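Let me begin by presenting the structure, written as structure tokens, before commenting on it.
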Amino acid sequence: MSATPGSDWTDTHLVQECLRGNEQAWHVLIDRYKNLIYSIPLRYGAPHQDAADIFQRVCLDLFNELPRLRDVEALQGWLIRVTTHKCYHWKRGLSSRESGWDEDDLAARSADLAVPPDLVAELEQEQLVRDAIAQLPPRCREMLELLFFESPPLPYAEVAKRLHLATGSIGFIRGRCLERLRKILEAKGF
């Protein structure tokens with residue numbers, strides 16, 4: 001299985017290609033950051049439908065603001081800030097409906113809104129892990145996703161069945177995949 005064309009490009013190169021009208025670059029850019037963007041509303045307690053709506057609004061903002069981004073290499077942080085602000089406004093909308101607060105009062109309260117640095121650091125680390133997993137060979141990537149990202153967790157027998165492997169080989173292959181992941185993360189300074 002070959003990598004998607006452009007998936008190894010830097011954010012700067014992807015943005016340049018997006019601005020030239022390269023649809024494949026846009027798809028790669030969104031694919032690179034979709035889990036980051038979507039995970040933030042879930043942290044704020046948004047149901048999946050609201051998280052999907054926030055995701056779409058962030059992508060629309062990205063599309064509209066792409067030509068004006070000053071520091072493309074800071075795109076990840078920009079996405080975190082924009083998504084967090086959208087989540088704040090979503091939550092604020094819930095609060096105003098429940099509390100009967102006036103929109104002007106709520107707008108004044110949000111004037112000093114800043115994304116907590118610890119949240120930014122945590123989200124950046126999560127994205128670093130996602131990027132590292134994406135660099136793994138397809139078999140390792142699929143195994144780690146099945147073992148660690150399914151809810152509820154899958155038993156080894158189910159993972160083996162889905163990957164067409166012997167159940168007894170799962171632990172050994174998992175260890176090799178985790179070692180590869182560790183090396184990629186170390187190379188990225190994690």
Side-chain angles (χ1 to χ4, degrees), residues 4 7 11 14-15 18 25-66 69 72-99 101 103 106-107 109-136 138 140-155 158-159 162-163 174 177-178 181-182 184-185 188-190:
T4 304
S7 62
D11 285 350
L14 277 173
V15 169
C18 287
W26 175 254
H27 291 292
V28 171
L29 186 65
I30 295 302
D31 191 55
R32 180 173 293 174
Y33 289 110
K34 68 183 176 190
N35 291 329
L36 171 68
I37 297 167
Y38 194 78
S39 71
I40 297 170
L42 295 178
R43 285 175 176 262
Y44 274 79
H48 288 286
Q49 182 59 42
D50 289 347
D53 290 344
I54 291 168
F55 174 83
Q56 288 178 351
R57 286 195 300 259
V58 170
C59 290
L60 184 59
D61 282 0
L62 176 60
F63 181 79
N64 289 327
E65 293 299 320
L66 212 51
L69 285 179
V72 176
E73 288 304 316
L75 177 61
Q76 180 176 298
W78 184 88
L79 288 168
I80 291 169
R81 284 189 306 282
V82 168
T83 308
T84 302
H85 288 286
K86 297 246 183 258
C87 291
Y88 176 80
H89 291 291
W90 167 80
K91 205 148 183 101
R92 186 180 86 180
L94 291 179
S95 295
S96 67
R97 286 189 295 274
E98 293 169 0
S99 69
W101 286 350
E103 272 301 307
L106 290 169
R109 291 181 62 199
S110 69
D112 296 326
L113 179 65
V115 182
D118 55 333
L119 176 62
V120 172
E122 189 175 328
L123 291 167
E124 287 174 344
Q125 285 183 338
E126 287 176 8
Q127 185 62 33
L128 189 66
V129 171
R130 283 187 204 99
D131 292 345
I133 289 172
Q135 290 181 8
L136 289 171
C140 279
R141 188 172 52 247
E142 187 176 3
M143 177 175 281
L144 294 182
E145 288 170 355
L146 289 171
L147 287 170
F148 299 109
F149 297 106
E150 290 290 324
S151 182
L154 297 176
E158 179 62 25
V159 172
R162 290 189 189 187
L163 296 176
R174 181 204 69 201
C177 293
L178 288 173
L181 180 61
R182 183 187 66 74
I184 292 169
L185 287 169
K188 291 178 174 280
F190 189 76

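Keep in mind it's a predicted model, so treat the numbers as computed, not measured.
Side-chain contact check for Leu146 versus Glu158: every heavy-atom pair is 4.5 Å or farther apart. Looking only at side-chain heavy atoms (C-beta outward), Val72 and Trp78 stay at 4.5 Å or farther from each other. Counting heavy atoms from C-beta on, the side chains of Leu62 and Leu29 come closer than 4.5 Å. Residues Val15 and Leu66 form a side-chain contact, since some pair of their non-hydrogen atoms from C-beta on lies under 4.5 Å apart. Between Cys177 and Arg182 there is no side-chain heavy-atom pair separated by less than 4.5 Å. Between Val129 and Phe190, some side-chain heavy-atom pair lies under the 4.5 Å cut-off. Between Ile54 and Tyr44 the shortest side-chain heavy-atom distance does not fall below 4.5 Å. Taking 4.5 Å as the limit, some side-chain heavy atom of Arg174 sits within range of a side-chain heavy atom of Phe148.
Closest of all the heavy-atom pairs between Ser39 and Arg130 is OG-NH2, 3.5 Å. The two residues Trp90 and Pro47 make their nearest non-hydrogen contact at CZ2-CD, 3.7 Å. Across all their heavy atoms, Cys87 and Pro41 have their closest contact at SG-CA, 3.4 Å. The minimum heavy-atom distance between Ala25 and Leu14, with the atom names listed, is O-CD2, 3.6 Å.
One finds the CD1 atom of Ile37 at 4.5 Å from the CG atom of Leu79 (value rounded to the nearest 0.5 Å). The distance from the CD1 atom of Ile40 to the CG atom of Leu123 is 4.5 Å, given to the nearest 0.5 Å. Atom CG in Leu128 sits 6.0 Å away from atom NZ in Lys188 (nearest 0.5 Å). Note that CD1 of Ile30 is 7.5 Å distant from SG of Cys18, once rounded to the nearest 0.5 Å. Residue Glu145 holds its CD atom at 9.0 Å from CG of Leu136, rounded to the nearest 0.5 Å. Taking CG of Leu163 as the start and CE of Met143 as the end, the distance is 5.0 Å to the nearest 0.5 Å.
A donor-acceptor pair is defined here as one N or O able to donate and one able to accept, closer than 3.5 Å; such a pair exists between the side chain of Asn64 and the backbone of Leu60. Listed for the Arg81 side chain is a donor-acceptor partner under 3.5 Å among the backbone atoms of Gly77.
Classification of Arg43 and Glu122 as a salt-bridged pair holds, one side-chain N sitting under 4.0 Å from a carboxylate O.
With sequence neighbours excluded, the residues forming a salt bridge (Lys or Arg N to Asp or Glu O under 4.0 Å) with Asp11 are Arg32, listed by chain and number.
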task = Check the pair Leu36, Glu126 against side chain to side chain contact (heavy atoms under 4.5 Å, CB included), reporting the backbone distance first and the verdict last.
result = CA-CA 8 Å; Leu36 171 68; Glu126 287 176 8; 5.8 Å; no
request  = Check the pair Leu178 / Leu144 against side chain to side chain contact (heavy atoms under 4.5 Å, CB included), numbers first and verdict last.
outcome  = CA-CA 8 Å; Leu178 288 173; Leu144 294 182; 3.7 Å; yes
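Judged as a salt bridge (charged side-chain N to carboxylate O under 4.0 Å, His left out), the pairs with a partner in residues 51-62 (not counting sequence neighbours) are, in order, Asp61-Lys86.
Ring geometry for Tyr38 versus Phe55: interplanar angle over 60°, hence perpendicular rather than tilted (30 to 60°).
Between Asp131 and Gln127, the side chains place a donor N or O and an acceptor N or O closer than 3.5 Å (distance only, hydrogens not considered).
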